[in-house]
Amino acid sequence: DVTILPNTVDETRFTVGPKSAELTKKYNLAHNEKVILTVARLDPRERYKGYDRIIEALPAIQRRCGPARFLIVGSGEDRPRLASLARERGMESCVSFAGYVLPDALVDHYRLADVFAMPSTGEGFGIVFLEALGCGTPVIAGNRDGSVDALDGGWLGTIVDPMNIDAIADAVCSVISGRGPGWWFDRRSLHEAAAALFGQKAFVRKLAKALPF
């Protein structure tokens, strides 16, 4: 017999908590500004993660659901291209580059976000989705790769066509507006649902069940 064990996340580290006043001040966020977060290496070889398509969708997001900031956590050589794209779309003030963030500060960035979005086309799984869910942050992912597994086929979050800019904008606005299963927007419930499937305790139980002794 073959048993497939899913990836796991430390549910005792990625937890629900208040938004950081320090980060709100650091990124100069307005009180009514929604935060869209992506955590990814900005490597030209990893453009499949789709962060540029979120920038493309930002004008429509702003028109449909008001002020929104796209916060990108991660560093790499693709940053100048993204900054240029934001300027071309008139979204320079709406895109913030956090650069590399130390692991201890990462949780606060997930908690700061109203939605975590990474419309990838080549993700093997996507641990960042589990980290965001662990912090109770609603998630949007693409429907063409391992991201689907991380969201349990769409049960844990929104799955979209990652190449469709309008679909990405629609999904972001839907989440920002609270459209979807009610428990997606209760951070504690979302954390518990993700931990039940992908937490370390759940992983240990599945491993023990799979072992022949």
Side-chain angles (χ1 to χ4, degrees), residues 14-40 42 49-75 78-102 104-119 128-129 131-141 157-158 160 162 165-191:
F14 294 95
T15 58
V16 176
K19 292 192 176 187
S20 166
E22 181 180 349
L23 290 183
T24 298
K25 182 178 180 181
K26 177 180 178 179
Y27 298 117
N28 194 29
L29 295 170
H31 74 280
N32 64 334
E33 198 169 15
K34 301 299 184 180
V35 177
I36 308 160
L37 175 69
T38 292
V39 176
L42 304 185
K49 291 184 181 291
Y51 35 66
D52 49 358
R53 292 188 290 276
I54 297 176
I55 296 176
E56 295 273 11
L58 267 180
I61 293 168
Q62 298 273 2
R63 288 194 304 270
R64 297 177 196 175
C65 40
R69 182 78 60 90
F70 182 30
L71 177 60
I72 305 175
V73 171
S75 60
D78 213 24
R79 176 169 170 170
R81 181 183 71 91
L82 298 175
S84 177
L85 179 61
R87 286 193 298 271
E88 291 170 7
R89 298 295 182 270
M91 293 288 111
E92 186 174 11
S93 64
C94 304
V95 179
S96 295
F97 295 93
Y100 173 74
V101 169
L102 292 171
D104 288 347
L106 189 55
V107 168
D108 277 336
H109 283 76
Y110 284 121
R111 292 172 177 170
L112 185 68
D114 295 283
V115 55
F116 180 90
M118 194 171 77
V128 288
F129 296 122
E131 293 176 349
L133 291 167
C135 296
T137 302
V139 167
I140 296 170
T158 303
V160 299
I165 303 301
D166 286 338
I168 293 169
D170 287 344
V172 170
C173 286
S174 289
V175 172
I176 286 175
S177 302
R179 295 195 295 271
W183 61 272
W184 281 5
F185 307 102
D186 178 272
R187 286 185 175 254
R188 174 58 56 187
S189 295
L190 194 55
H191 167 91

Colleague: Would you confirm whether H191, through its side chain, and G136, through its main-chain N or O, come within 3.5 Å as a donor-acceptor pair?
Modeller: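 Looks like no, no N/O pair under 3.5 Å.
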
Colleague: Is any side-chain heavy atom of L133 closer than 4.5 Å to one of F14?
Modeller: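 No, their side chains stay 4.5 Å or more apart.
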
Colleague: Are any non-hydrogen side-chain atoms of L82 and V95 less than 4.5 angstrom apart?
Modeller: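 No, every pair of side-chain atoms sits at 4.5 Å or beyond.
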
Colleague: Tell me the closest heavy-atom pair linking A117 and I36, and the distance in Å.
Modeller: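 Closest heavy-atom pair between A117 and I36: CB-CG2, 4.0 Å.
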
Colleague: Work out which heavy atom in V160 is nearest to a heavy atom in A167; give both atom names and the distance.
Modeller: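 Closest approach of V160 to A167, heavy atoms only: CG1-O, 4.1 Å.
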
Colleague: Mind checking side-chain hydrogen bond (donor to acceptor under 3.5 Å, both in side chains) for T38 and listing every partner two or more places apart, or none if nothing turns up?
Modeller: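 side-chain hydrogen bond (donor to acceptor under 3.5 Å, both in side chains) list for T38, sorted by chain: empty.
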
Colleague: Using side-chain heavy atoms (C-beta onward) and a distance below 4.5 Å, is F70 in contact with L37?
Modeller: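 Contact flag for F70/L37 side chains = no.
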
Colleague: Taking atom CD1 of I55 and atom CD of E92, what is their separation to the nearest 0.5 Å?
Modeller: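 Atom-to-atom, I55:CD1 and E92:CD are 11.0 Å apart.
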
Colleague: Holding to salt bridge (charged side-chain N to carboxylate O under 4.0 Å, His left out), I want the full list of residues that pass it with D78, two or more places apart in sequence or in another chain.
Modeller: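 Counting only residues at least two positions away or on another chain, D78 forms a salt bridge (charged side-chain N to carboxylate O under 4.0 Å, His left out) with R47, R81.
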
Colleague: Return each pair, listed once, that meets salt bridge (Lys or Arg N to Asp or Glu O under 4.0 Å) where at least one residue sits in residues 14-31; pairs must be two or more places apart or across chains.
Modeller: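 The answer is K19-D114.
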
Colleague: Once salt bridge (charged side-chain N to carboxylate O under 4.0 Å, His left out) is applied, do any residues pair with R111, and if so which ones, sequence neighbours excluded?
Modeller: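 So R111 forms a salt bridge (charged side-chain N to carboxylate O under 4.0 Å, His left out) with D108.
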
Colleague: Counting distance only, does the side-chain N/O of Q62 pair as donor-acceptor with the main-chain N or O of A68 below 3.5 Å?
Modeller: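 Pair found, side chain donor or acceptor close to backbone of A68.
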
Colleague: Might you point out which heavy atoms bring P162 and I168 nearest each other, and give the distance in Å?
Modeller: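 What the structure gives for the nearest pair is O-CD1, 3.6 Å.
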
Colleague: Side chains of I140 and V175: does their closest heavy-atom pair fall under 4.5 Å?
Modeller: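 Counting from C-beta outward, I140 and V175 do come under 4.5 Å.
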
Colleague: Is the shortest heavy-atom distance from the side chain of V115 to the side chain of V139 under 4.5 Å?
Modeller: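 V115 does not reach V139 side chain to side chain.
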
Colleague: Aromatic contact between F116 and H109, with the criterion being ring centroids under 6.0 Å apart: yes or no?
Modeller: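 Centroid separation for F116 and H109: 6.0 Å or greater.
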
Colleague: For R69, check side-chain hydrogen bond (donor to acceptor under 3.5 Å, both in side chains) against everything at least two apart and list the hits.
Modeller: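 Only E33, S96 meet the side-chain hydrogen bond (donor to acceptor under 3.5 Å, both in side chains) criterion with R69.
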
Colleague: State, to 0.1 Å, how close L58 and C94 come at their nearest heavy-atom pair, and which atoms those are.
Modeller: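 In this case the closest contact between L58 and C94 is CD1-O, 4.0 Å.
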
Colleague: Just verifying a value: how many Å separate F185 CZ and R179 CZ, rounded to the nearest 0.5 Å?
Modeller: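 F185 CZ to R179 CZ: 9.0 Å, rounded to 0.5 Å.
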
Colleague: Using the rule given for side-chain contact (heavy atoms from CB on, under 4.5 Å), can you reason through L29 versus L71, listing the C-alpha separation, both sets of side-chain angles and the distance that settles it, and then say yes or no?
Modeller: CA-CA 11 Å; L29 295 170; L71 177 60; over 6 Å; no

Colleague: Could you work out, with side chain to side chain contact (heavy atoms under 4.5 Å, CB included) as the rule, every residue matching S75, not counting sequence neighbours?
Modeller: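 Per chain and number, S75 pairs via side chain to side chain contact (heavy atoms under 4.5 Å, CB included) with Y100.
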
Colleague: With side chains defined as the heavy atoms from C-beta onward, is the minimum distance between C65 and K34 less than 4.5 Å?
Modeller: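 Heavy-atom side-chain distance check fails, nothing below 4.5 Å.
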
Colleague: If you take all heavy atoms of R53 and P119, which pair is closest and at what distance?
Modeller: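 Reported closest heavy-atom pair: NH2-O, 2.8 Å.
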
Colleague: Can you name the side chain to side chain contact (heavy atoms under 4.5 Å, CB included) partners of R64, sequence neighbours left out?
Modeller: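 Scan of R64 (side chain to side chain contact (heavy atoms under 4.5 Å, CB included), adjacent residues dropped) gives A60, D166, A169, D170, C173.
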
Colleague: Output all residues satisfying side chain to side chain contact (heavy atoms under 4.5 Å, CB included) with A141, sequence neighbours left out; order by chain, then residue number.
Modeller: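 Listed in chain order: F129, S147, L151.
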
Colleague: If the condition is side-chain hydrogen bond (donor to acceptor under 3.5 Å, both in side chains), which residues does R89 pass it with, not counting sequence neighbours?
Modeller: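 For R89 the side-chain hydrogen bond (donor to acceptor under 3.5 Å, both in side chains) partners, ignoring immediate neighbours, are E56.
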
Colleague: Kindly say whether Y110 contributes a backbone atom to a donor-acceptor pair with the side chain of T137 at under 3.5 angstrom?
Modeller: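 Pair found, side chain donor or acceptor close to backbone of Y110.
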
Colleague: Just to verify, what does N28 make a side chain to side chain contact (heavy atoms under 4.5 Å, CB included) with, not counting sequence neighbours?
Modeller: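 With neighbours one apart ignored, the set is empty.
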
Colleague: Okay, side chain of T24, backbone of S20: is any donor-acceptor separation there less than 3.5 Å?
Modeller: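 Yes.
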
Colleague: Heavy atoms only: give me the nearest A171-T158 pair and the separation to one decimal.
Modeller: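 Scanning both residues completely, I find the closest heavy atoms to be CB-CG2, 4.0 Å.
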
Colleague: So how far is it from F97 CZ to Y51 OH, rounded to the nearest 0.5 Å?
Modeller: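 Result: 10.0 Å between the selected atoms.
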
Colleague: Restricting to side-chain hydrogen bond (donor to acceptor under 3.5 Å, both in side chains), what partner residues turn up for D186, sequence neighbours left out?
Modeller: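 Applying side-chain hydrogen bond (donor to acceptor under 3.5 Å, both in side chains) to D186 gives S189.
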
